[in-house]
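From a predicted model like this one, the values you see are computed outputs, not experimental measurements. Read the numbers this way: they start at 1 and go in the same order the structure lists the ligands and their atoms.
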Amino acid sequence: MTRAYNFCAGPAILPESVLQQARDEMLDWRGTGMSVMEMSHRSDEFVEIAETAEQDFRELAGVPDDYAVLFMQGGASSQFATIPLNLLGDRSSADYVNTGIWSKKAIAEASRYANVNVVASSEGNGFTTIPDPSDWQCDPTAAYLHYTPNETIGGLEFDFVPDAGSVPLVADMSSTILSRPLDVSRFGVIYAGAQKNIGPSGLVVVVVRKDLLGHARKDIPTMMDYKVTADNGSMYNTPSTYSWYLAGLVFQWLKSQGGVESIGRINARKAEKLYGYIDQSAFYANPITPRFRSWMNVPFTLADEGLNRAFLDGAEQRQLLNLKGHRSVGGMRASIYNAMPEAGVDALIDYMTVFERERA
Ligand SMILES: *Cc1c(COP(=O)(O)O)cnc(C)c1O
């Protein structure tokens, strides 16, 4: 068996030891004679798996007691509607920052339910920078302020948490959650699709400040109501049990790595190495303002676009997979989430060096 270095943006690489443990426990979870997939979600065994996962996540992310942690379904995209339906309350408008494709999707969906006020946008410069917060046109009466801390496709990442005053701050952290320490108390809602830093796709982890529960629109689908979800321990219906279990294994792995501070140092080093290499090369380029370059998703272009196919073919031969950039951006993209070992980044840089020497 060979394990490749998988640079996919999502579903993404998982820690090898997590997959091994899942394999070992596949047919018989700790002497129960059952796979986790076959267990009742109401069983003592599964409730323990679920509660441990939540506890470990709380510990890793530093979630205060006045926040609920929900394990919901439908991915991050379902939250684009779930958020306005839960948070608008008696207000009609919400503020959004537009920094890329995921921001735009969130804005488009919210516009079906709310008057969306785009307070700032970096679309004019191709989403290569974060608009200066002193220029944002925020509405102090908005129901909430939504932003995307890391734009997975563009590789653009905030290096600060916006100050929303008393307006609840809502963040789509799908591709940056648990990648470094975080002050949860600055946020009203944090949500993250699992398939980047947490586990299998379909699952979405939502962190909600408890005072924001219970203000949903009356006609909200029951399954989308944060309060119903919280009151039922994320088991109003059958949750995505196996994904929850796997997320729990990833949380345990992350704790064994020393938690988010330790992984944050490694992530910073991985990103610094790769951008450092790109910047010293005349052949590879990244267009993002250095301060706002993503630690998790590193897009880059080749000086000769005609060599893209050859670059990808050569990478595949070395088991460096899924480096093709998003169709809207072109070029290449290396996603280097928590589970990507530093050796994977080194292997990529080695290959880029050889390719440049031989083909540029
Ligand atoms: C991947 C991603 C999404 C979409 O996640 P789904 O689970 O496919 O809905 C949304 N926002 C960001 C920032 C992402 O990286």
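Nearest protein heavy-atom contact of atom 15 (O) of ligand 1 is Thr152 OG1, 2.4 Å. Of the protein's non-hydrogen atoms, Trp102 CE3, 3.3 Å is the one closest to atom 10 (C) of ligand 1. The protein heavy-atom contact nearest to atom 9 (O) of ligand 1 is Ser77 OG, 2.6 Å. In terms of protein heavy-atom proximity, atom 8 (O) of ligand 1 is nearest to Gln195 NE2, 3.3 Å. Among protein heavy atoms, atom 14 (C) of ligand 1 sits closest to Lys196 NZ, 3.0 Å.
Between Phe46 and His41, the distance separating the two ring centers is not shorter than 6.0 angstrom. In this structure, Phe158 has its ring center closer than 6.0 angstrom to the ring center of Tyr147.
For Ser174, every heavy-atom contact with ligand 1 shorter than 4.0 Å involves the side chain, none the backbone.
Environment of CD in Gln137: sparse, with no more than 12 heavy atoms of neighbouring residues, nucleotides or ligands closer than 6.0 Å.
Relative ring orientation between Phe311 and Tyr351 is described as tilted, the plane-to-plane angle lying within the 30° to 60° band. Aromatic ring pairs are classed by plane angle as parallel below 30°, tilted from 30° to 60° and perpendicular above 60°; the pair Trp102 and Phe80 is tilted.
For ligand 1, the atoms sitting less than 4.0 Å from at least one non-hydrogen atom of Ser175 are 15 (O), numbered in the order shown with element in parentheses.
From Asp279, atom CG reaches atom OH of Tyr284 across 14.0 Å, with rounding to the nearest 0.5 Å.
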